Amino acid sequence: MIRKTVQNVTEAMAGVKNDMTLMLGGFGLCGIPENAIAELVKLNVSGLTCISNNAGVDDFGLGLLLQKKQIKKMISSYVGENDEFERQMLSGELDVELIPQGTLAERCRAAQGGFPAIYTPAGYGTEVAEGKETREFNGKMYVLEHAFKADFAFVKAWKGDEAGNLIFKGTARNFNPCMCGAAKITVAEVEELLPAGSLDPDQIHIPGIFVQRIFQGKRYEKRIEQRTVRKK
């Protein structure tokens with residue numbers, strides 16, 4: 001059995017350097033790789049291109065990297081809740097590429113599956129399609145979008161085993177599965193790390209072949225997850 005466990009987040013981040021392109025799973029603040037982001041802040045790497053659905057908030061998620069101006073370019077779909085992001089974008093300090101959410105997901109999946117590009121109808125006839133190849137299929141126009149090329153993908157799962165198999169919980173699944181295997185190296189942080197063979201094969205969302213490193217994370221805030229109970 002191939003074991004892909006590393007001892008901690010420091011070991012998991014080996015090889016991360018300035019000017020790299022990183023994928024980071026999550027949606028809003030749900031299911032984000034909190035430990036990996038905190039370590040990126042600590043490493044003080046800069047010039048990063050980050051591919052993520054959103055840019056966190058001012059004091060959490062990718063917002064922590066923006067505080068220290070570690071991100072050079074942000075490729076995302078939604079960025080409306082981060083004041084520092086807005087400031088850097090409007091001042092020209094931050095390069096921003098906004099992509100329709102479905103297209104962002106499919107460009108990740110294309111990279112994951114080894115496809116160089118996809119055709120999508122989203123964005124045809126708008127600024128999104130400017131300078132891109134378009135083609136008609138069955139009377140409908142499509143835009144050619146290239147698969148992403150990333151150095152690392154950082155994802156967060158609920159459970160994982162030593163072989164890298166992953167199970168996501170609820171809506172924390174979001175962008176995490178389609179980013180697994182979509183970069184040269186995929187690093188998974190999990191809430192619970194189990195021996196290989198412990199997970200029910202029918203419950204596994206992502207097989208270990210898509211993951212190169214896995215470790216058990218610590219001190220998850222999970223700001224977006226709230227427990228609501230009925231009053232007695």
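Computed from a prediction, not measured in an experiment: that's the story for all the values here.
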Undergrad: Do M74 and S52 come close enough that some side-chain heavy atom pair is under 4.5 Å?
TA: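 Of all side-chain heavy-atom pairs linking S52 with M74, at least one is under 4.5 Å.
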Undergrad: Mind checking whether C50 and I75 have side chains closer than 4.5 Å, heavy atoms only?
TA: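 The answer is no; the side chains never approach within 4.5 Å.
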Undergrad: Taking NZ, NE, NH1 and NH2 as the nitrogens, is one of them in E162 or K4 under 4.0 Å from a carboxylate oxygen of the other?
TA: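 Judged by the 4.0 Å cut-off on N to carboxylate O distance, E162 and K4 do not form a salt bridge.
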Undergrad: Is there a path of hydrophobic side-chain contacts, each under 4.5 Å between heavy atoms, that joins V45 and F154?
TA: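 Cluster IDs for V45 and F154 match.
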Undergrad: Would you call R213 and E11 a salt bridge, taking side-chain N to carboxylate O under 4.0 Å as the test?
TA: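 Salt bridge absent between R213 and E11.
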Undergrad: Would a single hydrophobic cluster contain both V187 and M20, if residues Ile, Leu, Val, Met, Phe, Trp and Tyr are joined by side-chain heavy-atom contacts under 4.5 Å?
TA: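 M20 and V187: one cluster.
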Undergrad: Taking the side chain as everything from C-beta on, heavy atoms only, tell me whether K73 gets closer than 4.5 Å to E97.
TA: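 K73 vs E97: side chains touch.
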Undergrad: Could you report the tightest heavy-atom contact between A110 and A147, atom names first, then the distance?
TA: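 Result for this residue pair: CB-CB, 3.8 Å.
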Undergrad: Quick one, E145 with V128, criterion side-chain contact (heavy atoms from CB on, under 4.5 Å). Give me CA distance, side-chain angles, the key distance, then yes/no.
TA: CA-CA 10 Å; E145 296 281 6; V128 171; 4.0 Å; yes
Undergrad: Work out which heavy atom in S198 is nearest to a heavy atom in L194; give both atom names and the distance.
TA: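 Reported closest heavy-atom pair: CB-CB, 3.8 Å.
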Undergrad: Keeping the roles fixed (side chain from D95, backbone from K72), state whether a donor-acceptor pair exists under 3.5 Å.
TA: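 No.
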Undergrad: If you take all heavy atoms of H205 and F168, which pair is closest and at what distance?
TA: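 So the two residues come closest at ND1-N, 2.9 Å.
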Undergrad: Name the residue from E189, E34, E191 that meets the salt bridge (charged side-chain N to carboxylate O under 4.0 Å, His left out) definition with K156.
TA: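 Testing each of E189, E34, E191 against K156, the sole residue satisfying salt bridge (charged side-chain N to carboxylate O under 4.0 Å, His left out) is E191.
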Undergrad: What class does the angle between the rings of Y119 and F137 fall in, given that below 30° is parallel, 30 to 60° is tilted and above 60° is perpendicular?
TA: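 Perpendicular: the ring planes of Y119 and F137 meet at over 60°.
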Undergrad: Would Q101 and N53 count as having a side-chain donor-acceptor pair, cut-off 3.5 Å?
TA: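 There is such a pair (donor and acceptor under 3.5 Å, judged by atom type) between the side chains of Q101 and N53.
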Undergrad: Grab the two heavy atoms, one from C180 and one from V155, that are nearest each other, plus how far apart they are.
TA: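 What the structure gives for the nearest pair is SG-CG2, 3.9 Å.
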Undergrad: Same cluster for F115 and M179 if Ile/Leu/Val/Met/Phe/Trp/Tyr side chains link at under 4.5 Å?
TA: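 Result: no, two separate clusters.
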Undergrad: If you measure from CD1 on I206 to OG1 on T186, what distance do you get to the nearest 0.5 Å?
TA: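 Between I206 CD1 and T186 OG1, I get 9.0 Å after rounding to 0.5 Å.
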Undergrad: Are the side chains of N8 and F215 in contact, using a 4.5 Å heavy-atom criterion?
TA: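 F215 vs N8: side chains apart.
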Undergrad: State, with a plain yes or no, whether a side-chain heavy atom of K69 is found less than 4.5 Å away from one of L94.
TA: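 Side-chain contact under 4.5 Å: no.
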Undergrad: Which pair of heavy atoms, one from V143 and one from A129, lies closest together, and at what distance?
TA: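 In terms of heavy atoms, the two residues are closest at CG2-CB, 3.8 Å.
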Undergrad: For L22, run the side chain to side chain contact (heavy atoms under 4.5 Å, CB included) check against I37, L40, L62, I71 and tell me which one passes.
TA: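 Single side chain to side chain contact (heavy atoms under 4.5 Å, CB included) partner of L22 among I37, L40, L62, I71: L40.
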Undergrad: Do the side chain of N165 and the main chain of G208 share a donor and acceptor less than 3.5 angstrom apart?
TA: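 Side chain of N165 to backbone of G208: a pair is present.
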Undergrad: For residues M23 and V16: do they belong to one hydrophobic cluster (side chain heavy atoms under 4.5 Å, members Ile, Leu, Val, Met, Phe, Trp, Tyr)?
TA: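 No, M23 does not connect to V16 through the hydrophobic network.
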Undergrad: Would L144 and I118 count as a side-chain contact (heavy atoms from CB on, under 4.5 Å) if you check the C-alpha gap in whole Å, the side-chain angles of each, and the deciding distance to 0.1 Å?
TA: CA-CA 6 Å; L144 182 74; I118 60 165; over 6 Å; no
Undergrad: Is there a side-chain contact (heavy atoms from CB on, under 4.5 Å) between N35 and Y220 once you walk through the steps?
TA: CA-CA 8 Å; N35 286 251; Y220 288 108; 3.3 Å; yes
Undergrad: Write down the atom of L43, the atom of M13, and the distance for their closest heavy-atom approach.
TA: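 Distance-wise, the nearest heavy atoms are CD1-CB, 4.1 Å.
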Undergrad: Give the intermediate values and the outcome of side-chain contact (heavy atoms from CB on, under 4.5 Å) for residues L166 and I214.
TA: CA-CA 9 Å; L166 303 177; I214 185 170; 3.7 Å; yes
